Amino acid sequence: MQQISSPTEGEKSPSHDSVVIKAHTSAKETTFSQNRYTHQTSQDQGEVYLIAEESAALVIVHGDEKQKDFGNQILVALDANRFKVKAVKFETQELPFLVKGGEGLYSIIIFQNLLTYINLREVDRSLIDGYCQRYKVGIVAFTGPSLDNEYSMKVGNFPLVMDKKMTLKDLSLNSESPVFHITKTKRTLSGILPGEDWTVFRSNHSTYQSIALAKTRTQDMLNLVPDSKPILHTTVIHDLGHYDGIQRVLFGSDFTLWLHYILFLDSVRFLSGGRLSVDLKRYILVDVDDIFVGSAGIRMKRIDVEAMLVEQDILAKLVPGFRFNLGFSGKFFQRGTDEENLGDERLLKHADKFWWFPHMWNHMQPHKYNSSSKMIQDMKKNKQFAQDNWIPVHKGYAVAPHHSGVYPVQEELYSSWKSVWQIEATSTEEYPHLRPSRNRRGFIHKGIMVIPRQTCGLFTHTNFFREYPGGRSRLDKSINGGELFRTVINTPFYLMMQKKAKKSNRFMCSGLDKYPTCNSTPVETAKKYFEIFPKEKDPLWRNPCEDSRHLEIWSSKKSCSKLPQLVVVGPQKTGTTALYSFLSLHPYIRSNLPSEKTFEELQFFSGPNYNNGLDWYMKYFPGGKNNSDQYRFEKSATYFDSPYAATRVHALLPTAKIIAILTNPANRSYSWYQHMKVHEDKAALNHSFYEVITAGSDSGRSVKSLQKRCLEPGKYATHLYRWLKYFPKQILIIDGNQLRDDPVSVMSKVQRFIGIQPRLDYKHFLRYDSRKGFFCIIKRKGKSECLGKSKGRIYPPMEPRAVEYLNLYYRQHNLQLHSLLENYGLTVPDWLVKDLARPPQG
Ligand code: A3P
């Protein structure tokens with residue numbers, strides 16, 4: 001078999017060596033790159049097997065209560081490292097498809113319990129093994145609890161034996177193993193290993209190589225011959241694949257031993273050929289918020305400032321250039337006890353030894369300001385304070401008190417920061433939500449980079465060890481292999497926030513010094529963040545009312561009752577304006593206010609308006625807190641075929657109802673062409689409809705672009721699927737032909753769908769106008785008001801060859817639409833039934 005390898009993240013840059021947790025030996029790099037491949041070519045069969053670009057980890061978890069918790073821990077570990085995961089509950093779920101379109105979907109298969117793998121049904125076992133052999137994918141398995149009385153057992157048909165129920169001590173690592181990446185191999189974990197139920201592995205077969213080894217707890221007592229070599233038992237074993245072509249790593253215990261967590265991540269990286277791997281480089285920034293804020297008695301004294309300087313020097317030896325980043329609110333300077341005021345002075349005396357960033361002058365939360373001019377005034381005061389006291393504020397970074405105004409966004413904060421401080425970066429714990437902390441992400445808004453922060457568990461109320469919930473030992477645990485340790489392992493960007501540095505500060509930082517690697521200025525860190533995670537640049541605005549913490553830092557003048565409950569998503573040219581006008585006739589239904597640029601349509605979720613933010617969107621919805629009797633809706637026909645709109649609408653309006661109107665896609669396409677012709681689009685003026693829809697790839701840009709807008713939205717199944725994924729039970733599909741010919745019954749269906757009361761009988765409001773050829777609104781004194789000239793245009797019928805071409809073009813899409821609608825229990829429009837009944841031509 002020929003293998004084609006490509007560089008991995010870990011191999012990228014030699015300069016990483018100075019900052020990585022553990023430098024690589026070249027021997028290990030070689031082994032690793034041999035293992036890595038992107039394409040696996042079978043010369044025998046001349047086939048190329050690929051692993052999908054966005055491959056995932058397939059985890060077979062155990063549902064029973066005793067083992068559930070560990071299953072979750074595995075999933076959380078993978079999720080925290082941003083790996084895609086597919087979890088399957090062994091007892092109740094079938095194995096998923098492993099291959100799609102010739103591509104392997106999973107880069108690794110993980111069994112929470114080795115016995116599940118060993119005892120798989122023959123058909124499943126050969127599926128899994130066949131997949132692993134073909135796509136060179138490895139398996140990780142954990143032995144799980146011993147539930148029987150056996151102390152020793154053979155591992156399935158493998159030349160391997162497990163000895164169970166062991167108690168162990170003194171764990172060491174085999175530095176020959178190629179698996180290590182994060183793990184440092186030179187150290188031994190001396191002492192008793194946690195847990196009473198370890199499994200160790202024995203084999204004479206050359207396919208097995210030990211990764212971790214330990215002694216039995218009683219070994220030294222039984223060792224009667226002095227200086228004799230200790231017997232080491234293998235607790236984690238690597239099957240190199242010589243036996244059946246599959247590499248495996250088997251663990252003799254779970255994550256109770258902290259080291260297993262990183263050994264697991266190393267195994268995942270190795271066995272997935274480096275696909276599920278993160279760079280070792282860590283960016284550490286320690287913000288010390290509220291440096292002068294706080295009541296007398298808990299503020300920093302001189303001794304604390306000195307301690308912080310000492311600690312900073314120690315950290316700077318490990319992380320070149322390390323500085324604590326101090327956040328100040330000038331108003332509170334010198335507001336402590338005499339001793340603490342001396343501490344404040346000390347801070348200023350050594351101001352140039354730290355980095356500084358502004359909070360608000362009086363620590364006021366931005367969402368509480370009534371005007372941006374007051375906010376600007378306070379920011380200027382803080383700036384003046386910094387200038388008067390020679391505080392070297394690090395350019396471009398600020399943090400808002402309580403993160404207020406950052407997310408959910410208070411636009412005034414962004415604009416004031418820009419104008420007073422030229423802020424380029426900030427950080428928050430709130431995006432998208434505080435918990436789980438592993439899922440915090442960044443975004444860029446109005447030119448300000450917002451990056452996620454972690455906390456180390458120290459807050460204003462935990463200034464002393466005695467106040468720490470669970471005491472010092474709990475904090476100790478968090479640092480030594482616990483939550484904080486894992487956060488550093490999982491998170492390449494570790495922005496830590498801690499409150500005023502008292503004694504615990506020193507302690508915390510000395511705990512961290514085992515892991516951190518690199519310290520850059522906040523703005524540089526933010527830039528690096530979005531270089532590494534470019535997909536995060538675009539924000540996803542969520543509903544502030546869905547998260548109580550967000551509500552707390554959202555202006556009381558804003559209200560979710562301004563958001564729409566119904567969104568008419570299009571597509572264009574299907575009768576969306578007619579539906580919009582008919583809905584607006586209802587006294588309790590209100591549309592958004594018109595936009596200056598796009599009129600009745602806000603086009604928020606589908607285009608650049610989304611970057612204006614939530615405040616911009618909400619200002620188009622009338623009323624305030626007390627408009628609950630109004631049913632609000634929005635219609636933008638550009639949403640239907642936008643690749644982003646469904647996700648965005650769902651994020652902001654998860655309970656909204658959605659209406660899509662479908663007409664024959666060929667007619668829709670022709671209507672768009674006519675629309676563009678009236679708007680004097682050059683391509684439409686110079687080319688017939690048939691020429692546009694059949695134009696080849698060598699045609700001009702304007703023709704291609706018109707062709708795209710004519711044809712793409714009509715691929716209904718593709719677009720509708722995106723909406724159904726998020727709103728499977730909240731969608732109404734309207735038959736556009738029925739809306740045109742019988743709007744009265746359509747409107748009664750719509751009213752039932754949205755549950756509005758009272759329900760209007762639209763026969764009193766609409767009537768057919770023979771001059772217009774469409775239904776129009778009945779006005780006072782019996783007059784009709786029809787939609788404008790641009791709706792219901794008169795134009796010649798489509799050329800027969802265009803009809804024929806489009807019928808064939810949309811045939812497959814229409815077939816897919818039919819089954820999609822049926823699968824979701826939605827009514828199939830008449831035009832679609834008729835269309836599919838016609839024999840295909842061509
Ligand atoms: P044509 O102008 O090509 O006939 P939209 O509002 O989504 O842009 O859709 C415009 C289409 O709505 C019109 O396309 C027309 O066929 C259809 N329509 C349905 N009911 C209508 C009505 N009562 N008045 C005008 N047009 C209507």
Side-chain angles (χ1 to χ4, degrees), residues 285-305 307-309 311-312 323-337 339-348 350-351 353-369 375 378-379 381-386 389 391-394 397-407 413 417 421 423 425-430 434 451 453-464 467-468 495-509 522 549 552-553:
L285 181 69
V286 182
D287 286 357
V288 184
D289 286 6
D290 303 344
I291 199 76
F292 302 124
V293 184
S295 46
I298 60 160
R299 295 163 56 116
M300 290 182 71
K301 297 175 191 163
R302 270 174 64 149
I303 185 178
D304 298 314
V305 180
M308 195 157 72
L309 282 165
E311 200 59 46
Q312 180 167 276
R323 302 273 175 120
F324 286 115
N325 197 24
L326 313 186
F328 64 98
S329 296
K331 184 179 172 187
F332 301 99
F333 178 64
Q334 298 283 285
R335 296 271 181 109
T337 62
E339 242 185 321
E340 288 167 340
N341 290 346
L342 288 174
D344 284 2
E345 278 170 21
R346 201 76 184 160
L347 275 168
L348 290 191
H350 294 296
K353 300 210 170 77
F354 300 108
W355 288 345
W356 294 77
F357 66 89
H359 272 314
M360 205 60 79
W361 158 255
N362 48 3
H363 206 252
M364 172 118 140
Q365 297 175 35
H367 74 278
K368 293 189 173 156
Y369 279 89
M375 197 188 295
D378 280 350
M379 281 186 187
K381 271 192 198 163
N382 218 22
K383 196 171 182 181
Q384 193 59 48
F385 170 80
N389 292 288
I391 293 177
V393 179
H394 218 291
Y397 181 73
V399 174
H402 299 190
H403 307 220
S404 140
V406 175
Y407 189 79
L413 173 67
W417 261 348
W421 288 103
I423 294 305
T426 184
S427 58
T428 185
E429 302 162 358
E430 299 293 341
L434 182 77
I451 47 177
R453 260 188 182 199
Q454 307 297 323
T455 38
C456 60
L458 297 179
F459 304 99
T460 318
H461 53 276
T462 49
N463 277 283
F464 303 95
E467 287 163 357
Y468 193 81
L495 253 82
M496 189 173 83
M497 184 273 286
Q498 58 182 44
K499 289 290 174 169
K500 292 171 306 305
K502 294 289 279 185
K503 291 188 187 71
S504 47
N505 175 20
R506 252 205 98 167
F507 176 76
M508 177 53 64
C509 296
R549 281 183 65 94
E552 272 172 33
I553 49 173

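These values consider heavy atoms only, across backbone and side chains, with no hydrogens, waters or symmetry-generated copies. What you are looking at is a predicted structure, and each value in this text was computed from that prediction instead of being measured.
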Ion pair present between Glu339 and Arg302, side-chain N to carboxylate O less than 4.0 angstrom? no
Whether Arg323 side chain and Lys353 backbone form a donor-acceptor pair below 3.5 Å: yes
Determine yes or no for a side-chain-to-main-chain donor-acceptor pair under 3.5 angstrom, with Glu552 supplying the side chain and Arg549 the backbone. no
Can a side-chain donor-acceptor contact be found between Tyr397 and Asp287 if the only test is distance below 3.5 angstrom? yes
Distance-only, no hydrogens or angles: does the Thr428 side chain make a donor-acceptor pair with backbone N or O of His403 under 3.5 Å? no
Given side chains that start at C-beta, do those of Met308 and Met300 come closer than 4.5 Å, heavy atoms only? yes
Is the closest side-chain heavy-atom distance between Met375 and Met360 below 4.5 Å? yes
Rounded to the nearest 0.5 Å, what separates atom CD1 in Ile451 from atom CG in Leu285? 7.0 Å
Would you please indicate if the ring centroids of His363 and His402 are separated by under 6.0 Å? yes
So do the side chains of Leu348 and Phe292 get within less than 4.5 Å of each other, counting heavy atoms only? yes
Does Asp344 reach the main-chain N or O of Gln334 with its side chain, forming a donor-acceptor pair under 3.5 Å? yes
Would His359 and Asp290 satisfy side chain to side chain donor-acceptor pair (under 3.5 Å), going step by step from the backbone distance to the final call? CA-CA 7 Å; His359 272 314; Asp290 303 344; 3.1 Å; yes
For the backbone of Ser329 and the side chain of Asn382, can you confirm whether one donor and one acceptor N or O come within less than 3.5 Å of each other? no
When you measure from the side chain of Trp421 to the backbone N and O of Pro358, does any donor-acceptor pair fall under 3.5 Å? no
Walk me through it: do Tyr369 and Asp378 pass the test side-chain contact (heavy atoms from CB on, under 4.5 Å)? CA-CA 10 Å; Tyr369 279 89; Asp378 280 350; 2.5 Å; yes
Is any side-chain heavy atom of Arg453 less than 4.5 Å from a side-chain heavy atom of Val399? yes
